Structure formats: C-alpha cells, structure tokens
Amino acid sequence: MSLLTLEHVTKSFGNLRAVHDVSLEIPKGKIIGLIGPNGSGKSTLLNVISALNPADSGRILFEGEEISKRSTDEIFGLGLVRSFQDPSLFFKMTVLDNSLLPVKQQQGEKPWRAPFHHLWRKQEAAAALESSRLLEQLLIRKHYDALASDLSGGQMKLLELGRSLMGNPKLLLLDEPTAGVAPKLAYTIFENIAQMRENLGLTFLIVEHRLEILFDFVDSLYVMHMGQVLTEGSPAEISANSAVREIYFGE
Amino acid sequence: MTIDFLSTGIALLTFFGISALMALSLNLEYGVAGIPNFGKALFVSVGAYTAALTYTYLLPLLAGKTPIYPCGANLTDALQLRTGIIREAMGIGLLNFLLTLVIAAVIGGLIGYLASYPALRLKEEWYLALVLLVGSEIVRILVRGYEPIICAHNGISGLSQPFVALGNPKLASFLFALVILALVALVFIFSERLIHSPYGRLLKAMRENERVAQSLGKRITRTRAQIMVIGSAIAAVSGVLFVVNLGFASANDYVVALTLDVWVMVVIGGIGNNRGALLGAFIITVLDRVTAIAAIQLDQIGFQLEFTYIRFILFGLIILLMLRYRPQGLLPEKPLTTEAHSLLKTQAQK
C-alpha cells in the first residue's frame with residue numbers, strides 16, 4: 001500500500017511552474033530517491049508536500065487521507081517529517097535541545113504547565129534517554145551539551161537526521177542528507193537510514209545529488225526535470241535510461 | 001544641598017522594580033521568543049489607564065460611595081473622594097490596588113492578544129516592530145484627546161500609594177517598594193522556570209528559525225500570541241505600579257522614549273538573560289536618577305542644560321558602545337534549557 005500519494009500536483013511562483021502535474025507513489029517501508037538537475041523542482045516538491053508552499057492544485061494523500069489543505073505543523077503531527085537542504089539546525093541551541101524539540105505531546109510545551117517542572121520532568125527525562133540512545137547511535141552523543149553550531153558539517157547532518165526521528169515519523173522527506181559531507185560519512189549516513197528502515201519500518205523519500213551512494217540504497221527512483229516527473233524506475237533502469245542520461249549527465 | 005539617603009534609596013528601589021518588570025517582559029518577548037515589541041509603552045500605558053479607571057470607579061464602589069466623573073467641573077470632588085478613601089480606609093485602598101493589578105494584567109493580556117493578531121501575521125518581524133511602535137503612539141494620542149479615561153491631556157492625579165493611610169510617608173513608600181520587589185521576584189521566578197522548560201526551548205527555536213520550528217510541528221502563531229499575552233500582562237502590571245508610585249496618570253509618560261529605555265535595559269543586560277534584564281534595569285534606573293540630580297545641581301550653579309537631553313545622549317552612547325564592543329550584553333544568555341542536560345551528564349559519568 002502506498003503511504004504517500006501525489007496526484008497531479010502543481011505549484012507555480014508567478015509565471016514559473018516549479019512543479020507541474022506531478023504524480024507519484026511512495027510505498028510503505030521503501031527508500032525512494034528523487035533526483036534531477038538543479039532547479040528541476042525537487043526541493044519545491046518537498047515544500048509542497050510539507051505545506052511550506054501549499055500546492056496550487058492536485059491532491060496529496062498520506063495514509064489515504066487528503067493532506068493538501070493541512071498546515072505544516074499538522075502534517076508533522078501526522079508523521080510526515082522533512083529535513084532541509086541547508087543545515088537547518090537551531091545553531092544557538094544545544095545538540096540535546098535540538099533533538100528534543102520535535103518530541104510530540106510535550107506537557108512542558110504548554111505555557112500554563114511549563115513553570116511547574118514536576119508536571120513534565122518525567123516525560124522530559126524519558127525523552128532525554130531516548131535522545132541519548134539515538135545520539136549514541138549517530139556517534140554524536142558526547143557533544144550533547146555543545147551548541148549545534150560547534151558541530152562539523154557531517155555531525156550537523158547526523159543531528160538533523162536524529163532530530164527528524166525524535167518526532168516519531170512514519171515518512172521522512174530528506175533534502176540532500178549528505179550535502180557537504182565527506183564521502184565516508186555520507187556512506188555512514190545512508191547506512192543509518194537503511195538501518196532505520198530495517199529496525200523502525202520507516203519510509204524515506206530522499207533528494208540526493210550523490211547518485212553513486214544513493215543508487216546503493218534506494219528501492220526505486222523518480223527523476224524530475226523542469227518541474228515534471230520524467231520517469232521512474234529501479235536504479236538499474238534509471239541508469240540505463242537514455243533520456244535521464246541526457247538531461248542528467250549531458251550525454 | 002543635603003540628600004535624604006533613605007528616601008533616595010527607597011525611590012531608587014521603586015523605580016528599579018518597575019523598570020525591572022518592563023525589562024523582564026521585553027526580555028521574554030524579544031530576548032527569548034524573538035518578538036520585537038516596540039510598543040512596550042502601549043502595554044505599560046494599559047496598566048496606567050486601568051488604574052485611572054479603577055481609582056475613579058471601583059474604589060468608591062468598594063467603599064460604598066457613589067463614583068464621580070473625574071474631569072471638568074467635578075475634578076476636585078472626584079480627587080477628594082479618591083484620596084479621602086485611600087487615606088482613611090487602608091483595607092479598601094489595598095483591595096482596590098490589588099484588584100487593579102489583576103484587572104490590568106487581564107486587560108493587558110487581552111490587548112496583547114489583539115495586537116498579536118494582525119501583527120504576527122506580518123511576514124517580516126520588523127514590520128511588527130513598526131506596527132507596534134506606531135500603534136503605541138496612536139493610542140497615546142487618542143487617549144490624550146479622549147476625556148473619559150484620564151481627562152485627556154490633563155491627566156488624573158490622586159492615585160495614591162496603598163499604604164499612605166499609615167500616616168508615615170517613608171514607611172508607606174518603603175512598604176510599597178517591598179510590594180513591587182516581591183512582584184519582580186515573582187515574575188523573575190516565573191519567567192526563569194518558563195525559559196528552563198520545553199516551552200522555553202520552543203520559544204528559542206521559534207526565535208532562531210520559525211520555518212524549521214513549524215516543520216517540526218510547532219504552532220508558531222499561537223505560541224507568539226501566548227507570549228504577547230504574558231508579556232503584555234506583565235507590562236500592564238508595571239504600568240499600574242508606575243502611576244500609583246507617581247500618584248498621577250498622564251498620557252505623556254507613554255511616549256516612544258519609554259519603549260526605548262526598556263530596550264536599552266535589555267540590550268545592556270544581555271538579550272535572552274533575565275539576570276541581564278534586571279542588571280540593565282538597575283543600571284538605567286541609577287543613571288536616570290544620577291542624571292536627574294546632576295541636571296538639577298548643574299542648573300543651580302548656572303548651567304542651562306535640559307535633563308532629558310543629557311539622558312538621551314548618555315543612553316544613545318551606551319547603546320552604541322554596547323553594540324560595538326559587547327553585543328551579547330553584560331550577562332550573555334546561557335544556552336542550556338532543561339534539566340535533561342544534567343541527566344545526560346550524570347549518565348555519562350556513570
């Protein structure tokens with residue numbers, strides 16, 4: 001069954017049709033790649049799905065429910081979490097605080113409860129332990145009280161991945177999870193993604209320029225070009241597709 | 001000239017306490033939550049106008065007397081009615097004072113919420129600053145011209161301190177200063193506990209990147225409105241204390257300069273740090289008093305210097321120097337929020 005379905009989704013900015021008549025299906029438990037040249041509409045598509053830039057027309061269904069009219073925070077609440085291409089951490093906050101922010105249903109996030117620490121202390125401690133385990137797995141546990149701005153580029157990407165997980169997602173939309181990261185660490189990030197799919201049954205839609213790594217991990221790919229879906233298929237099919245090779249590699 | 005150190009000390013504490021409340025409220029709004037409230041004077045004035053109304057209408061009712069319209073021909077009668085009750089029946093005066101604080105907090109919070117409605121939908125946060133700055137002046141000018149609230153440009157006097165019935169002016173002012181400092185302590189503790197909670201974490205995240213916070217499930221508009229409510233309620237309480245200390249409510253006190261004073265306090269002290277806000281309030285209060293006394297002294301030995309000019313020059317200079325050499329303020333914000341950090345620390349030591 002498909003977890004996320006897009007039907008004829010279109011988004012324009014003035015005269016620019018950034019996303020045009022895009023339909024796609026993300027099956028549950030899969031890792032799906034979304035590739036295409038710069039400016040082909042990949043990030044815009046993620047913005048449309050997460051309602052940061054709501055679609056002009058078309059339908060977006062998550063677990064069979066129409067979500068195109070919902071707000072960004074509601075979509076997060078349904079279990080659809082996205083990351084950003086540019087490092088989008090809260091740089092003046094600690095690593096631990098970054099990871100704890102997305103935790104859902106926090107009692108201490110209500111202003112009338114927040115000043116009374118005994119009302120949320122237990123929940124906070126449980127979340128902190130969960131975060132600690134996750135940060136350990138991502139090899140950044142020891143930096144928990146450092147500012148996010150003090151992390152290296154790769155560690156920032158790992159923290160972003162971990163932060164997305166703390167929101168208890170079903171589907172993660174990752175926008176270039178390895179941008180600006182050394183090749184070895186980029187591989188580690190993808191291994192973590194594969195492990196999360198394995199252990200937690202998560203589904204991923206990943207925008208990525210590092211095809212050599214991406215192709216090792218995805219089940220299938222969508223290729224976008226000029227706001228439209230050019231084709232879809234398995235890594236083998238995509239790399240053999242002459243149209244893709246033409247727009248992507250200029251061959 | 002001899003200086004009465006006791007009275008000066010009490011006055012200093014009183015002014016410090018009132019400024020501290022304003023600074024704490026702005027620090028919560030701007031320092032922690034990133035909402036540039038340039039309409040602080042407006043929300044302070046709400047407390048002042050509330051006090052003018054309760055001292056005119058609620059106070060006589062509490063004393064079982066008929067309220068008198070406070071302006072025009074009735075001016076003297078209404079004034080005598082107010083001061084008479086406060087001087088003779090301390091219980092009623094105190095009750096009226098406490099009720100005024102509560103009512104002002106509620107009305108302040110309500111107006112904070114209303115102000116948040118259009119303002120928080122502005123995409124650029126500094127547009128909000130402008131809207132509040134201009135809105136604050138508009139309300140001041142309207143009140144200046146609309147008689148029923150504070151008799152227009154005449155203002156309302158006789159909003160006496162609640163302890164004057166004791167008959168000992170120094171003791172009365174001292175007790176009043178204590179009440180103010182107790183409120184400062186209360187607001188300080190409340191605000192500290194709010195900041196060091198998941199809610200504080202949410203506010204800081206919102207301040208830093210609201211788009212990302214939103215995509216992590218946070219309801220930005222609602223949260224900002226909540227902070228405007230809390231901050232404006234605190235500002236209105238400080239407004240009540242401000243007029244009751246002076247005994248006089250005048251629209252001319254709530255000019256943009258008041259807002260700027262509060263900003264100077266927060267910037268000097270350290271944006272985002274409550275202790276910094278207190279320190280900033282203290283420094284500005286002392287400077288304010290010192291420049292006032294210096295201006296009088298200079299005047300007596302023949303210098304014709306306007307007091308207001310001295311302080312504007314001084315405060316402007318301070319802001320420039322701070323922004324140049326120590327933009328984080330004297331007491332910079334500490335990044336840690338909740339005790340989750342100490343939990344991980346003990347976990348690491350095991």
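Just so it is clear: chains get the letters A, B, ... in the order the sequence lines come, proteins before strands, and each one is counted from 1. This structure is a prediction, so every number in the text was calculated from the model and none was measured.
- Heavy atoms from other residues, nucleotides or ligands lying under 6.0 Å from CZ of A/F84 number more than 12.
- For A/L100, the parts sitting under 4.5 Å from any heavy atom of chain B are the backbone and the side chain alike.
- A/L147 touches chain B through its side chain: at least one heavy atom from C-beta onward sits under 4.5 Å away, while N, CA, C and O do not.
- Taking a 6.0 Å sphere around CZ of B/R207, one finds it holds more than 12 heavy atoms contributed by other residues, nucleotides or ligands.
- Shown here is A/K110, whose NZ atom has more than 12 heavy atoms of other residues, nucleotides or ligands within 6.0 Å.
- Looking at every heavy atom in both residues, A/A128 comes nearest to B/L344 through O-CD1, 3.6 Å.
- Only the side chain of A/R121 comes within less than 4.5 Å of a heavy atom in chain B; its backbone stays farther off.
- In this structure B/K204 satisfies the side chain to side chain donor-acceptor pair (under 3.5 Å) test together with B/E333, sequence neighbours excluded.
- Expressed to the nearest 0.5 Å, how far CZ of B/F190 lies from CZ of A/F116 amounts to 8.0 Å.
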Under the side-chain contact (heavy atoms from CB on, under 4.5 Å) criterion, do B/R211 and A/N47 qualify, and how do the steps go? CA-CA 11 Å; B/R211 196 172 155 88; A/N47 284 346; 3.5 Å; yes

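- Side-chain atoms of B/S197 and A/H117 include no donor-acceptor pair closer than 3.5 Å.
- The local environment of CZ in A/R197 is crowded, with over 12 non-hydrogen atoms from other residues, nucleotides or ligands closer than 6.0 Å.
- Highest contact tally toward chain B, considering only A/N98, A/D97, A/L96, is held by A/D97 [criterion: heavy-atom pairs under 4.5 Å].
- B/S215 and A/F76 get closest at one heavy-atom pair: O-CD1, 3.3 Å.
- The number of heavy atoms from other shown groups lying within 6.0 Å of OH (B/Y113) does not exceed 12.
- Interface remark: of the candidates B/I230, B/I195, B/L203, B/L202, B/L202 forms the most heavy-atom pairs closer than 4.5 Å to chain A.
- With 3.5 Å as the limit, one finds a donor-acceptor pair spanning the side chains of A/E124 and B/T338.
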| query | Going through the checks in order, is the side-chain contact (heavy atoms from CB on, under 4.5 Å) test met by A/E109 and B/R201? | reply | CA-CA 8 Å; A/E109 257 187 16; B/R201 184 162 62 218; 5.6 Å; no

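- Minimum interatomic distance between B/P335 and A/K92 (heavy atoms only, all atoms of both residues): CB-O, 4.1 Å.
- More than 12 heavy atoms of other shown residues, nucleotides or ligands fall within 6.0 angstrom of atom NZ in A/K104.
- Residues B/L194 and A/A114 come closest through the heavy atom pair CD1-CB, 3.7 Å.
- Heavy atoms closer than 4.5 Å to chain A are found in both the backbone and the side chain of B/Q214.
- When side chains are defined from C-beta on, A/D145 does not count as touching B/K345, because their heavy atoms never get closer than 4.5 Å.
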Exercise for the section: Could you go through the side-chain contact (heavy atoms from CB on, under 4.5 Å) check for A/F90 and B/L216 one step at a time? Expected result: CA-CA 12 Å; A/F90 301 104; B/L216 292 171; 4.0 Å; yes

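- For a residue to count as touching a neighbouring chain, one of its non-hydrogen atoms must lie under 4.5 Å from one of that chain's; by this rule A/S88 touches chain B with backbone and side chain alike.
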- [ ] Applying side-chain contact (heavy atoms from CB on, under 4.5 Å), run through B/K218 and A/L101 and close with a yes or a no.
- [x] CA-CA 9 Å; B/K218 307 308 172 193; A/L101 184 79; 3.8 Å; yes

